[in-house]
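The structure appears below as structure tokens.
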Amino acid sequence: MSRYSRITGTGSYLPPRRLTNAELAAELASQGVETSDDWIVERTGIRARHFADPGVNSSDLGLEAARRALEAAGRQASEIDLIIVATSTPDMVFPSSAAILQHKLGVAGCPAFDVQAVCSGFVYALTVADAMIKTGTASRALVVGAEVFSRILDFKDRTTCVLFGDGAGAVVLEASDQPGILATDLHADGKHVGILCVPGHVSGGQVLGSPMLRMDGQAVFKLAVGVLEEAARAVLAKAGRTEADIDWLIPHQANIRIMQGTARKLKLPMDKVVVTVDQHGNTSAASIPLALDSAVRSGQIKKGDTLMLEGVGGGFTWGAVLLDF
Ligand code: ACO
């Protein structure tokens with residue numbers, strides 16, 4: 001009998017501090033940085049984002065999301081035998097946020113590690129968990145995307161600081177004799193490192209280089225739409241399915257125009273695209289599981305639906321996962 005992996009529960013968490021564009025614009029104006037609700041909505045589709053309070057880390061947001069996913073799956077943390085956290089804003093240089101999350105969940109023993117693929121992190125982490133389940137290395141995985149991007153934003157740079165938010169999403173992925181995950185497709189091309197990065201690093205007790213996010217927005221935009229189409233077509237081909245089989249496209253939530261461009265290329269109407277970027281901003285590795293969980297809890301996504309998850313981000317990295325929910 002074939003062994004597959006299947007999502008059995010989803011969860012997510014947003015820190016309580018919510019800032020609308022107008023509220024963020026007012027805060028930025030007090031520091032001499034000019035932006036507006038109109039500009040942000042028109043160029044990105046973002047209307048609000050959540051920021052974690054000082055001292056709240058990715059593992060704290062991940063913990064709340066994980067608890068909700070476990071509850072939805074009807075599982076205890078002690079039943080989990082693999083923890084993967086996708087994050088680019090870990091609690092510490094090391095150990096991993098996954099190890100810290102494991103301890104906060106009150107369990108020990110199972111493997112726990114982070115995956116760093118920026119905004120593609122959740123798709124990467126889900127692919128790794130799927131492979132480990134299919135090969136019998138794990139049977140019940142907790143896969144989390146958790147970020148505090150507010151910590152790496154330069155609030156003097158209006159071209160980036162209005163785009164991102166904090167949050168976490170999680171799924172429980174379990175071994176099953178029915179798919180589940182149908183196909184996955186991952187890529188990276190490190191020549192694009194400079195268009196989206198946080199170049200600083202820790203050395204000799206200091207941060208060398210800037211610890212703030214910097215981005216060439218137009219270069220990212222152009223690359224993103226092309227690779228998202230390629231990844232979508234690749235997983236459909238691997239699974240022997242077509243665009244018509246997709247019930248819901250859940251793309252990385254960076255910019256509504258990137259999502260509209262991708263949907264257009266796949267000939268999918270926007271009412272088949274899960275959109276949360278308006279309320280969450282870009283939460284990097286957390287954006288896909290946050291969008292997935294909100295669509296599951298709102299009743300949009302139903303058991304048996306075919307979902308296309310797509311990530312793209314710094315590296316450059318990109319990929320897709322096609323699954324039956
Ligand atoms: N408020 C007001 N004006 C602004 C702001 C702002 N927050 N930011 C930039 N501007 C100004 C610029 O200074 C520029 O003014 P100028 O014409 O006088 O020079 C003008 O707006 C246009 O700037 P552009 O950078 O050309 O604007 P563009 O239409 O390209 O939109 C954006 C910028 C939204 C970043 C866009 O390039 C984009 O969405 N790129 C994709 C990047 C992305 O989503 N990244 C997320 C992370 S990567 C990922 O997750 C895949």
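Indexing begins at 1, ligand by ligand and atom by atom, following the structure's order.
Per-residue contacts place Thr159 under 4.0 angstrom from the following atoms of ligand 1 (heavy atoms of the residue considered): 8 (N), 9 (C). Residue Val312 approaches ligand 1 through these ligand atoms, each under 4.0 Å from one of its heavy atoms: 49 (C), 50 (O), 51 (C). Listed by number with element, the atoms of ligand 1 under 4.0 Å from a non-hydrogen atom of Phe221 are 38 (C), 39 (O), 40 (N), 41 (C). Within ligand 1, the atoms closer than 4.0 Å to a non-hydrogen atom of Phe164 are 46 (C), 47 (C), numbered from 1 in the order shown. Near Thr44, the atoms of ligand 1 lying under 4.0 angstrom from a non-hydrogen atom of the residue are 34 (C). Those atoms of ligand 1 that come under 4.0 Å of a heavy atom in Cys119, given as number and element, are 49 (C), 50 (O).
Taking atom 37 (O) of ligand 1 as the reference point, the nearest protein heavy-atom neighbour is Gly217 C, 3.3 Å. When hydrogens are left out, the protein atom nearest atom 6 (C) of ligand 1 is Thr35 OG1, 3.3 Å; that is the closest non-hydrogen contact. Here the protein heavy atom with the shortest distance to atom 44 (O) of ligand 1 is Ala254 CB, 3.7 Å. Taking atom 47 (C) of ligand 1 as the reference point, the nearest protein heavy-atom neighbour is Asn282 ND2, 3.3 Å. At the shortest separation from atom 38 (C) of ligand 1 among protein heavy atoms lies Asn255 ND2, 3.5 Å. Scanning the protein for heavy atoms near atom 15 (O) of ligand 1, the closest one is Arg158 NH2, 4.3 Å. Here the heavy atom of the protein found nearest to atom 10 (N) of ligand 1 is Trp39 CZ2, 3.4 Å.
Between Glu42, Lys222, Arg257, it is Arg257 that holds the heavy atom closest to atom 31 (O) of ligand 1. Of all the listed residues (Gln218, Arg43, Met215), Met215 holds the heavy atom that lies closest to atom 35 (C) of ligand 1.
Distance remark: protein heavy atom not present below 4.0 angstrom from atom 17 (O) of ligand 1. Within a 4.0 Å radius of atom 21 (O) of ligand 1, the protein has at least one heavy atom. For atom 27 (O) of ligand 1, the nearest protein heavy atom lies closer than 4.0 Å.
Contact check for Leu126 versus Thr184: no side-chain heavy atoms found under the 4.5 Å cut-off. Looking at Phe221 and Ile258, their side chains come closer than 4.5 Å, going by heavy atoms from C-beta outward. Using a 4.5 Å heavy-atom cutoff, the side chains of Arg233 and Glu243 are in contact.
Checked by atom type, the side-chain pair Thr89/Glu147 shows a donor-acceptor distance below 3.5 Å. Side-chain N/O atoms of Arg158 and Ser36 include no donor and acceptor closer than 3.5 Å. Ser150 and Asp166 are linked by a side-chain donor-acceptor pair at a separation below 3.5 angstrom, with hydrogens and angles left out of the test.
Taking a cutoff of 4.0 Å between a charged side-chain nitrogen and a carboxylate oxygen, Arg17 and Asp53 qualify as a salt bridge. A salt bridge is absent between Arg68 and Glu71; no separation between the charged side-chain nitrogens and carboxylate oxygens falls under 4.0 Å. Between Arg140 and Glu174, at least one side-chain nitrogen of the basic residue sits less than 4.0 Å from a carboxylate oxygen of the acidic one, meeting the salt-bridge criterion.
Considering only residues two or more places apart in sequence or on other chains, Met215 meets the side chain to side chain contact (heavy atoms under 4.5 Å, CB included) condition with Thr160, Leu163, Leu196, Leu213, Val220. Shown here are the side-chain hydrogen bond (donor to acceptor under 3.5 Å, both in side chains) partners of Arg241, two or more places apart in sequence or in another chain: Thr306, Asp324.
Residue His103 holds its NE2 atom at 11.0 Å from CG of Leu63, rounded to the nearest 0.5 Å. Taking CZ of Arg49 as the reference point, atom CG of Asp278 lies at 11.0 Å (rounded to 0.5 Å).
Counting heavy atoms of neighbouring residues, nucleotides and ligands inside a 6.0 Å radius, atom CD of Glu34 does not exceed 12 of them.
At a heavy-atom cutoff of 4.0 Å, ligand 1 is contacted by no atom of Thr160, backbone or side chain. Only the side chain of Val162 comes within contact range of ligand 1, with a heavy atom under 4.0 Å; no backbone atom does.
For ligand 1, the polar-atom distance check against Leu196 finds no nitrogen or oxygen pair separated by under 3.5 Å. Polar contact with ligand 1: present for His252 (N/O pair, distance under 3.5 Å). Considering backbone and side-chain atoms alike, Ser36 places every N or O at 3.5 Å or more from each N or O of ligand 1.
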